[in-house]
Asker: 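Handing you this structure, nothing more for now.
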Amino acid sequence: MPTRLAEYRMVGPAGPFGNGSRAWLAEPPLGTTSDSPVVIVELDAVGDDTWPATQALLHELASVSSAHVPRLLESGRGEGNEPATWISRDRPAARSLATAVGDRRAALRVLAGAARGAHDLHEAGWAHGDIRLATVLVDAGEGLLDLPTRLASTVPPAVIQVVDPSDLDGVDSDRLWGAGPTRASDIYALGAAIHRALTGAPLHPDLAADQPVTAVQRVLVEVPRITPTFGGPVAQLVRDCLDPDPARRPPSAAHLADQLDDLAVA
Amino acid sequence: MSERVEVLIGPGTVIRWGRAAVWAGPTASPALLTFLHHSLRNVGSSAQGGRQVVDHIARILSARDPEPGVPFAAVGPAGDEWAAILHGPVQLWDGARWVAPSPRPGWLPASLTPQPALCVGPAGSTAPHVLPNSPYDLAAGMVPGGGFILVPEYAGVPRATLDRRDPGGMPVAPGGASGHQDPSGSPWEPSPAPLAAPAPVASPTSVAATMPAPLPVAAPLGLPADPAPPAPSEPTPDLPTPGLPTPGLPTPAAPVHSAVPVAPSRPPLPPVGDAGGAEGAGRPLVPGVRCPSGHFNHPRARRCARCRAELGGAPLTDGPRPPLGVLIADDGTVYRVDGDLVIGAVPAVDPAVVAGQATALRLAGASRSVAPTHAQLRVSDWAVLVTDRGSAAGTHIVRPDQSGWDRLPPFRPEPLLPGSHLAFGQRVVTFVSPWPADVAPD
């Protein structure tokens with residue numbers, strides 16, 4: 001772990017988080033008005049040729065203001081043992097839903113918060129494109145949606161990077177066929193995250209971790225499999241989110257969030 | 001860039017990156033020095049680097065002064081003039097006037113025109129000796145020093161001008177640190193507000209909102225260009241310069257970072273179910289059929305690729321061409337095929353990419369078996385064609401109805417059918433598509 005990075009002094013490891021392979025807690029840089037630590041997240045390495053486009057995306061992303069999305073503070077590139085590409089963000093106490101333990105109601109509330117974060121991004125002109133349990137964050141029981149940092153490292157013509165085939169669970173066929181992320185594809189991914197959080201099962205089981213090409217080809221043609229024992233109104237909501245026709249999915253992520261909140265108190 | 005930053009002997013630290021320079025007194029903390037060093041390294045080479053650094057620091061100081069009373073000063077270019085910020089007991093002489101902060105607020109931003117140089121050092125310091133063509137010329141980096149003289153390169157102004165103007169050395173500020181006077185004698189009160197209009201502060205922890213943004217830096221910064229060569233009439237003394245950087249040092253792979261500026265917001269995304277939406281904007285029109293939900297499909301498709309609705313009997317119409325499929329690389333990266341692509345290890349150098357007529361598809365981590373511009377994919381209506389660009393290792397293909405690799409003849413377009421595998425050197429990609437195989441017209 002580097003002891004310093006730009007104006008940050010590293011405090012210790014952070015996470016686990018969904019984006020990036022490494023994350024650290026760091027003291028705020030000199031001169032900032034807050035004493036709260038920040039999180040430094042290492043992103044997928046970005047080449048010199050794509051760095052300007054990546055940084056332009058990050059600059060735009062910094063303008064998004066939402067109570068359900070961490071705020072992007074800085075971005076940069078390092079050398080030596082420093083992260084090759086990194087961002088800093090707030091909400092240092094947030095943890096991924098993939099590692100957080102909670103009951104069903106708590107999970108629904110957290111997922112509702114993440115859906116509101118997705119809606120805020122949509123209204124700000126962003127589709128997240130990487131919603132999964134690892135990017136749904138829990139901060140003091142409140143749900144957040146982590147920053148869509150993979151957008152920044154997936155510069156066209158790249159659509160997605162399959163780091164782990166289980167990541168494909170929340171990728172609808174439109175995206176795998178080359179379309180960009182949309183409201184509908186984010187809602188699909190939220191449906192997959194709800195399914196995974198409440199059942200523990202993926203929609204596309206048995207994808208080989210060492211065969212990403214085969215995994216993509218399978219997901220392109222397979223119908224997502226909802227766990228047979230998963231029933232009730234939540235399961236129906238998941239089915240709505242996964243509808244092959246994007247027009248038949250919930251009309252917005254905010255609408256989905258309202259339904260999740262209702263189910264959490266039912 | 002041919003400015004000189006001549007380091008003065010004395011306590012403290014001098015930092016230079018690109019065209020910007022900083023002096024900090026001996027009481028500056030390591031954190032402050034690191035901050036100043038990184039700030040200069042980020043934007044020092046920019047034509048507005050001085051303005052960015054000054055605004056950056058001013059915004060920080062306007063929120064909270066982390067180290068009150070610690071002397072430091074930063075100077076850098078701001079277009080045709082120079083920007084500076086002075087903090088604590090420091091002084092700056094621009095050849096015509098003195099600049100120094102008042103005790104309150106204790107710091108001062110300024111715009112300057114060197115006449116012909118800028119002299120920076122601690123308030124009330126004794127006059128240093130200015131050497132003609134000083135060997136203490138800092139090219140880049142951070143060294144001990146008690147101040148500096150920044151000598152911009154002016155066309156037609158010989159370097160000796162500085163030495164003739166100030167043969168005795170650096171002047172001493174009248175009134176020391178707390179006073180400031182210009183030649184007319186009128187007081188120059190420092191503005192408590194930064195020079196740039198502050199952006200809205202969205203949250204108390206928002207660096208993006210509290211720190212002005214340096215310009216994005218696209219590539220690691222290297223050393224600035226070599227200092228200006230000495231005038232023929234003034235041969236550079238062959239003096240040793242122990243411990244000081246010299247021209248010609250290897251370029252360091254400097255990290256870059258920047259506070260993320262707040263950019264104008266985007267319009268909201270199209271609503272769910274918007275069949276055309278922004279996806280169709282700018283795409284070429286091709287003949288095809290629409291499903292009952294309005295999704296545009298290949299004219300020979302039997303079912304809609306998006307909603308799986310039957311397409312039998314749908315009338316032929318023109319519509320924006322959707323992506324024709326994807327290339328799945330052996331590392332799991334999925335690339336869309338919706339226009340011409342240049343594939344290779346350094347595809348960005350291809351003229352078609354530079355001209356915006358094709359998109360670069362860089363095979364990351366490619367070995368030398370992948371040529372800089374190895375192959376090209378061209379899209380024509382609903383067909384995809386692949387052309388080897390004369391690469392040494394060749395482009396090989398396994399077509400869906402074959403089991404072995406064929407080497408493509410160079411520079412001859414070949415139809416790329418769904419299910420085909422392509423090998424570019426040691427990298428393999430697979431083309432898959434929701435549409436029926438199509439072959440472009442000759």
Side-chain angles (χ1 to χ4, degrees), chain A residues 4 6-7 29-34 36 47-49 51-52 55-56 58-60 62-63 65 71-79 82 90 122-127 156-163 174 176-180 182-184 187 212-213 216-217 220 244-247 249 251-252, chain B residues 31-32 34-35 38 60 63-64 66 202-208 210 216 218-219 253-269 271-273 279 293 305-308 322-323 325-326 328 330-338 341 348 359-362 364 430 432 434:
Chain A
R4 300 199 68 90
E7 293 111 41
L30 180 72
T32 50
T33 55
S34 170
S36 177
D48 289 347
D49 52 341
W51 172 244
Q55 203 175 39
L58 291 171
H59 287 181
E60 283 196 63
S63 68
S65 179
R71 186 164 184 82
L72 175 60
L73 305 175
E74 283 194 271
S75 65
R77 305 174 76 192
E79 64 178 358
E82 297 175 350
D90 63 1
H122 297 164
E123 290 301 302
W126 288 83
V159 178
I160 58 170
Q161 280 184 304
V162 184
V163 179
D174 274 2
L176 280 181
W177 285 127
T182 61
R183 287 182 193 258
I187 289 172
V213 177
V216 172
Q217 289 178 308
L220 275 169
D245 184 355
R249 295 173 193 166
S252 73
Chain B
L32 174 58
T34 301
F35 164 75
H38 280 289
I60 292 172
R64 181 174 67 92
S203 78
T205 60
S206 167
V207 177
T210 58
V256 295
H257 74 285
S258 66
V260 181
V262 175
S265 59
R266 299 176 170 193
L269 293 181
V272 170
E279 284 286 314
S293 297
R306 296 186 75 185
C307 66
R308 311 306 301 162
V326 290
I328 308 172
D330 46 13
D331 64 355
T333 305
V334 179
Y335 301 95
R336 81 166 59 104
V337 179
D338 61 351
L341 299 173
T359 302
L361 194 165
R362 178 173 174 266
T430 302
V432 295

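Letters A, B, ... are given to chains in the order of the sequence lines, protein chains preceding strands, and every chain is numbered from 1.
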Asker: For chain A, which of B:T34, B:V334, B:V337, B:T333 has the most heavy-atom pairs under 4.5 Å?
Answerer: B:V334

Asker: Could you tell me whether the side chain of A:D90 and the main chain of A:R71 form a donor-acceptor pair under 3.5 Å?
Answerer: yes

Asker: For chain B, which of A:R249, A:Q217, A:H122 has the most heavy-atom pairs under 4.5 Å?
Answerer: A:H122

Asker: Where on B:P271 is there a heavy atom nearer than 4.5 Å to chain A: the side chain, the backbone, both, or neither?
Answerer: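 Just the backbone, heavy atoms under 4.5 Å.
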
Asker: List the residues meeting salt bridge (charged side-chain N to carboxylate O under 4.0 Å, His left out) with A:D245, not counting sequence neighbours, and say none if there are none.
Answerer: none

Asker: Can a salt bridge be assigned to the pair A:E123 and A:R183 using a cut-off of 4.0 Å between side-chain N and carboxylate O?
Answerer: yes

Asker: Mind checking the OG-CG spacing from A:S252 to B:L269? Nearest 0.5 Å is all I need.
Answerer: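 Answer rounded to 0.5 Å: 12.0 Å.
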
